[in-house]
Each structure stands twice: as C-alpha cells, then as structure tokens.
Amino acid sequence: MIKVYFCAEMVADAQSFSPSAGKPREVVASWRRRFPVLEFVEPEAVGFDEFCLAHDADYVRGVLALRRCNGFGNRLPEVARTLSWTSGAMLSAARAALVDGCAVAPVSGFHHACHAEGGGYCTFNGLIIAAQVLRRERAVARVGILDFDQHYGNGTSQIIRELGLDWIEHYSAGAWWDQAEQAEDFLAAIPNLLARFAACDVLLYQAGADPHHRDPLGGWLTTAQLRIRDRRVFETCRAMDLPVAWNLAGGYQTPLRKVLDIHDHTMLECLAARAAPDPPG
C-alpha cells in the first residue's frame with residue numbers, strides 16, 4: 001500500500017492560468033475511484049522556521065502576511081493558507097518513503113521558487129524544504145531531486161547554490177531535453193541518469209505532466225512515452241533500493257481531465273513497479 005498525503009487545506013482557487021493550486025483535490029478524487037489500494041493520510045504542516053531553511057526570512061514573512069506576491073503573481077489569502085500544507089505534504093511523503101520505500105505528495109508548484117522570490121506558479125520550494133528538514137533531523141546524509149517537468153528547475157538550482165547545499169544531487173531534464181526527436185534517447189538514458197543518485201538516501205521525483213506533446217507549455221513526449229518515463233524511474237529506483245517520494249509538477253491542458261489522465265498513468269506505473277516480484281538474488 002502506498003501512502004498519499006492529502007488534506008483539503010492544500011487546495012485553493014489561485015485565479016490563475018495554472019490549475020496547480022486546485023489540482024490536488026481533483027487528482028485525489030480520480031485516484032480514490034481508480035486505486036482502492038492507496039492509503040490517504042493527512043500531512044503534517046510546516047511553518048515559518050521550515051520555510052526559512054530554503055528561503056529568505058523577509059520573503060517568507062511578506063508572502064504569509066500578504067505583503068508580497070505569491071508564485072501566481074497575486075496576494076490571495078486562500079493561496080497563502082495552502083503553503084504550509086503543500087510543502088508539508090512533500091515532507092511527509094519523503095519521511096514515509098524512507099520507511100516504506102515510496103510515497104506521494106499530490107502537489108505542484110515548487111521548482112521555480114528561488115531563495116528570495118517566487119515565480120512560475122511556485123511560491124515556496126517544497127523540494128528543498130523537505131530535503132533540509134530531513135537533513136536537520138539527521139534522517140538523511142544526501143538527497144536526490146530528479147525533476148522531469150518540462151521546464152528547468154531554476155529555483156531549486158539557485159537555492160542549492162545560494163545556500164551551498166552540496167549534499168543535494170539535482171538533475172532537471174528541462175535543461176537538456178525538450179525536443180520530440182530526443183524522446184527515444186531520453187527514455188534510454190533514464191537508468192543511467194538515476195545512477196547519479198546511488199549515494200542518496202531518498203529521491204524526490206517531480207513527475208511533470210507538461211512534457212506531453214499536446215500541452216500548451218510542453219510538447220515533446222507522447223502519452224505512451226510519458227508512461228515509459230515513469231516506469232523506468234520507478235523500476236530503476238526499486239532495483240537500486242532507492243526510496244522515492246514523488247509529486248505532480250506541471251500540466252496545463254484543458255479540460256483538466258487530460259492532465260488527470262497523465263497523473264493517473266504515473267500512479268499506475270508506480271503501483272506496477274511496487275507490485276513486481278523482487279529480482280532474483
């Protein structure tokens with residue numbers, strides 16, 4: 001059974017082109033119908049001190065007090081209220097993955113958030129927050145962040161540089177792969193890409209839906225290729241005995257059902273990899 005960390009407090013109407021603030025509720029509703037084996041668990045919220053492990057304190061105060069814009073470019077209180085829970089879901093999933101081998105945070109909106117500013121529909125970087133808290137708790141020595149969103153995780157990279165977090169191994173596919181003619185080479189490269197995380201205690205995986213070839217902000221992987229991408233990530237992690245906590249990342253097609261289908265497929269591949277027999281020996 002795989003734990004999925006969700007609560008209603010994670011959801012808001014961000015009044016934005018991006019559906020990410022409202023998507024957790026829709027994804028979870030779809031998963032409840034399709035995957036009765038999942039265990040839905042309320043996450044623990046993070047707070048000011050945890051946010052400041054990744055972000056400038058004045059920026060954090062400004063966002064939470066509605067004096068500074070969030071990653072959606074507005075100051076809506078309903079968005080601010082979700083932030084402790086979305087980053088908390090990522091942290092809760094990472095903690096669970098260390099015990100169970102795999103867990104899920106059905107949230108988006110992390111990797112464009114820099115140390116002192118948000119952007120690209122990302123306010124706080126829950127990936128870095130989760131890594132920093134686990135390190136502070138002495139639960140891990142090294143953390144991997146594998147970002148298979150369409151877009152480069154500039155915020156994640158910037159915070160790692162700003163804070164000197166050389167114990168985080170970060171790979172963002174958006175820096176290297178974004179053309180349809182690269183698809184087969186990309187898929188073939190995934191096991192070797194995962195090898196760079198062999199020394200990590202846990203992998204945080206952004207399973208982006210926006211590389212889909214029909215996404216208005218993507219455009220290079222077919223539905224079948226996205227499934228192969230996820231299958232190779234989960235199968236390789238299992239073969240490496242590498243715990244993985246994954247989240248949803250981007251996806252902008254309309255109607256939203258098209259995005260939900262992609263996230264459903266990621267869950268299917270995750271469940272299949274977890275259910276497969278252990279390799280001999």
Side-chain angles (χ1 to χ4, degrees), residues 4-30 40 42-93 104-130 133 149-151 153-156 158-159 206 208-210 215-218 247-260 263:
V4 178
Y5 286 87
F6 172 77
C7 62
E9 290 81 2
M10 291 159 53
V11 178
D13 178 2
Q15 300 180 25
S16 169
F17 167 77
S18 170
S20 64
K23 190 168 63 172
R25 177 178 53 225
E26 305 305 320
V27 169
V28 165
S30 185
F40 293 91
E42 183 166 314
E44 294 184 24
V46 301
F48 179 78
D49 290 345
E50 287 77 25
F51 289 137
C52 291
L53 293 174
H55 296 286
D56 174 77
D58 288 340
Y59 170 63
V60 175
R61 289 192 193 95
V63 168
L64 297 180
L66 311 181
R67 295 193 304 269
R68 293 193 62 169
C69 287
N70 56 46
F72 296 94
N74 60 50
R75 302 179 188 183
L76 293 174
E78 51 264 50
V79 172
R81 285 193 293 268
T82 68
L83 299 172
S84 291
W85 297 100
T86 52
S87 287
M90 194 71 236
L91 173 59
S92 296
V104 187
V107 292
S108 307
F110 291 150
H111 73 159
H112 294 310
C114 296
H115 180 62
E117 64 181 354
Y121 316 123
C122 303
T123 305
F124 295 140
N125 197 309
L127 303 165
I128 299 291
I129 292 165
V133 173
D149 189 84
Q150 167 71 14
H151 307 99
N154 63 298
T156 304
Q158 189 267 336
I159 295 171
Q206 290 227 120
D210 51 358
D215 195 284
L217 300 185
N247 71 336
L248 305 178
Y252 305 93
Q253 294 185 72
T254 56
L256 184 62
R257 183 67 252 174
K258 295 180 180 180
V259 178
L260 300 181
H263 295 317

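Because the structure is a prediction, the values reported are computed rather than measured.
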_Residues which pass side-chain contact (heavy atoms from CB on, under 4.5 Å) with R257, listed by chain and number, not counting sequence neighbours_ =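 side-chain contact (heavy atoms from CB on, under 4.5 Å) list for R257, sorted by chain: S30, R33, L260, D261, D264.
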What are the two closest heavy atoms between [X] and [Y], and how far apart are they?
| X | Y | value |
| --- | --- | --- |
| T123 | V63 | CG2-CG1, 3.7 Å |
| M10 | T86 | O-CG2, 3.8 Å |
| A209 | G251 | CB-CA, 4.0 Å |
| A80 | L64 | O-CD2, 4.4 Å |
| A21 | A14 | CB-CB, 3.8 Å |
| G73 | C69 | O-SG, 3.7 Å |

Residues 45-58 side chain polar contacts: donor-acceptor under 3.5 Å, at least two apart:
unit_1: E50; atom_1: OE1; unit_2: G47; atom_2: N; d: 2.9
unit_1: E50; atom_1: OE2; unit_2: R136; atom_2: NH2; d: 3.2
unit_1: H55; atom_1: ND1; unit_2: C114; atom_2: O; d: 2.8
unit_1: H55; atom_1: ND1; unit_2: H115; atom_2: O; d: 3.3
unit_1: H55; atom_1: NE2; unit_2: N125; atom_2: N; d: 2.8
unit_1: D56; atom_1: OD2; unit_2: D58; atom_2: N; d: 3.1
unit_1: D56; atom_1: OD2; unit_2: Y59; atom_2: N; d: 3.0
unit_1: D58; atom_1: OD1; unit_2: R61; atom_2: NH1; d: 3.0

With sequence neighbours excluded, residues passing side-chain hydrogen bond (donor to acceptor under 3.5 Å, both in side chains) with [X]:
| X | value |
| --- | --- |
| N154 | H112 |
| S16 | none |
| Q253 | H212 |

I'd like to check [X] versus [Y] (side-chain heavy atoms, cut-off strictly below 4.5 Å). Are they in contact?
| X | Y | value |
| --- | --- | --- |
| F17 | P216 | yes |
| F110 | D149 | no |
| Y5 | L91 | no |

Drop me the distance from [X]'s [atom1] to [Y]'s [atom2], to the nearest 0.5 angstrom.
| X | Y | atom1 | atom2 | result |
| --- | --- | --- | --- | --- |
| H263 | S108 | NE2 | OG | 5.5 Å |
| Q150 | D215 | CD | CG | 7.5 Å |
| S84 | I129 | OG | CD1 | 9.0 Å |
| F6 | R25 | CZ | CZ | 7.5 Å |
| Y121 | S20 | OH | OG | 8.5 Å |
| N247 | L127 | CG | CG | 6.0 Å |

*E42: partners by salt bridge (charged side-chain N to carboxylate O under 4.0 Å, His left out), with sequence neighbours left out*: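 Once residues adjacent in sequence are excluded, E42 has no partner under the salt bridge (charged side-chain N to carboxylate O under 4.0 Å, His left out) criterion.
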*asked:* Surrounding CD of E44 (heavy atoms of other residues, nucleotides or ligands, distance under 6.0 Å), is the total greater than 12?
replied: no
*Looking only at atom types and distance, does a side-chain atom of D210 sit under 3.5 Å from a main-chain N or O of Y252, one as donor and one as acceptor?*
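No.
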